**Student:** 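Questions regarding the structure given below will be posed in turn.
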Amino acid sequence: MIAPILRDLATLREMTRGWHMAGETIGVVPTMGALHDGHLSLVAEAKKRADRVIVTIFVNPKQFNNPEDLENYPRTEEDDARKLERFGIDAIWAPNGDTMYPPGFATGVAVSGLTDVLCGAHRPGHFDGVATVVTKLFTQTAADLAFFGEKDFQQLQVVRRLARDLDLGVEVVGCPTIREIDGLAMSSRNLLLSDRARVRAPRLNEVMEEIAAGLAQGRTMSELTPSALKALENADFLSVDYLELRSCDTLALLETPTEPARLLAAAHLAGVRLIDNIDVPVVG
Ligand code: PAF
């Protein structure tokens, strides 16, 4: 079934009002398009959990701190709509820039604390842009449930916090990272990797798994990080924004996984910024 692509807010509102009046729940999968199997796994989960499913496609200028990055971001709407066909979703919400941010738009949503570290520290304003657009997407679509990948772990925590703090009444559902067969986390940005860089990219996940194995043996991040950085450099990752162990809940920095923890990394390979994170078992 081909889902209607909606660009007009009044039409979207009329549709969602009808669903709610019929007692149906609305599940939303927010995306910036260039859909891959990771996104599609969120759509499959949304179909299981909600009566109606909306996929949003909007490349949000407010979350790009680098104009070149925004310009290069893949835009593949027709292809995306085709990939969604088999799921039988109810609508694709793909507003244009002026519908999302009409002239004079002056409001922003900022989540403090959680956004001071990791990607927040390296991409100034990024999470303010994410928080603002996600808040708008939730209210525009009248979402009851919203589905996000754990691949963007910090984003997931930020969205959970804003949904709770602003009483948005949306249940935020985190779904596991989907990986290529060689371990590379699926991402729209993978499309930007050259053939040579694509071969090297899985090294990021391998190095992270090596650190996780070291932590499981009782070693510390201070002991494990230098050789991990060297291994990444050898694989052409020319700069590493962060490679850190953090508390799942608070994102506080950890030396060892003494509480539920996540190992998170962001690194640049041939001009493409890749991020990844893995769960690390608690060591007693
Ligand atoms: O994860 C993304 O694709 C984006 O950050 C999101 C959540 C759709 C907001 O623009």
Side-chain angles (χ1 to χ4, degrees), residues 5-6 12 26-43 45-46 53-66 69-77 79-81 83-84 89 91-97 99-101 105 107-111 114-115 118-120 122-141 143 145-163 166 168 170-178 185-192 264 266 272-277:
I5 300 183
L6 306 181
L12 175 68
I26 301 173
V28 172
V29 181
T31 82
M32 296 204 297
L35 302 183
H36 50 67
D37 284 352
H39 295 114
L40 300 181
S41 73
L42 304 180
V43 177
E45 189 61 22
V53 173
I54 302 174
V55 173
T56 75
I57 299 181
F58 179 68
V59 180
N60 175 32
K62 285 196 185 294
Q63 69 187 77
F64 287 82
N65 52 318
N66 174 347
D69 196 16
L70 171 61
E71 202 177 296
N72 290 341
Y73 202 85
R75 289 163 174 83
T76 56
E77 191 182 280
D79 208 32
D80 293 342
K83 285 184 184 162
L84 290 168
I89 64 164
I92 296 172
W93 172 231
N96 64 33
T99 301
M100 188 59 84
Y101 302 119
F105 183 86
T107 303
V109 178
V111 177
L114 286 178
T115 59
L118 302 168
C119 286
H122 289 271
R123 302 184 66 192
H126 168 69
F127 283 117
D128 294 354
V130 170
T132 301
V133 82
V134 167
T135 305
K136 290 200 63 149
L137 291 169
F138 283 1
T139 55
Q140 289 170 339
T141 57
L145 300 116
F147 299 81
F148 290 83
E150 286 182 348
K151 149 100 187 344
D152 295 293
F153 190 77
Q154 187 176 16
Q155 168 173 280
L156 173 62
Q157 300 306 75
V158 167
V159 171
R160 283 195 166 125
R161 179 64 53 84
L162 80 85
L166 299 179
L168 296 182
V170 180
E171 183 189 339
V172 177
V173 181
C175 303
T177 302
I178 305 295
M186 287 194 187
S187 163
S188 306
R189 285 173 195 275
N190 295 352
L191 291 175
L192 304 174
L264 305 105
V272 182
R273 186 175 188 271
L274 298 177
I275 63 171
D276 199 353
N277 71 85

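These numbers come from a predicted model, not from an experiment. Side chains included, hydrogens not; waters and symmetry mates left out as well; all remaining heavy atoms used. Counting starts at 1 for both ligands and their atoms, in listed order.
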**Student:** For I54, run the side-chain contact (heavy atoms from CB on, under 4.5 Å) check against I89, L6, L12 and tell me which one passes.
**Tutor:** L12
**Student:** Give the atoms of ligand 1, by number and element, whose distance to some non-hydrogen atom of V133 is under 4.0 Å.
**Tutor:** 9 (C), 10 (O)
**Student:** Counting only heavy atoms, tell me which of H39, M32, Q63 gets closest to atom 9 (C) of ligand 1.
**Tutor:** Q63
**Student:** Look only at the side chain of Q154 and the backbone of C119, and say whether a donor-acceptor pair between them is shorter than 3.5 Å.
**Tutor:** yes
**Student:** Please determine which of Q63, R273, R189 meets the side-chain hydrogen bond (donor to acceptor under 3.5 Å, both in side chains) test together with D69.
**Tutor:** R189
**Student:** Can a donor-acceptor pair be found, under 3.5 Å and without considering hydrogens, that links the side chain of N277 to the backbone of K151?
**Tutor:** yes
**Student:** With atoms numbered from 1 as shown, which atoms in ligand 1 lie under 4.0 angstrom from a non-hydrogen atom of F148?
**Tutor:** 7 (C)
**Student:** Would you name the heavy atoms of G108 and T132 that are closest together and state the gap between them?
**Tutor:** CA-OG1, 3.5 Å
**Student:** How does T31 reach ligand 1, by side chain, by backbone, by both or by neither, if only non-hydrogen atoms under 4.0 Å count?
**Tutor:** backbone
**Student:** Give me the residue, atom name and distance of the protein heavy atom closest to atom 1 (O) of ligand 1.
**Tutor:** Q155 NE2, 2.8 Å
**Student:** In terms of atom number and element, which parts of ligand 1 are under 4.0 angstrom from non-hydrogen atoms of P30?
**Tutor:** 8 (C)
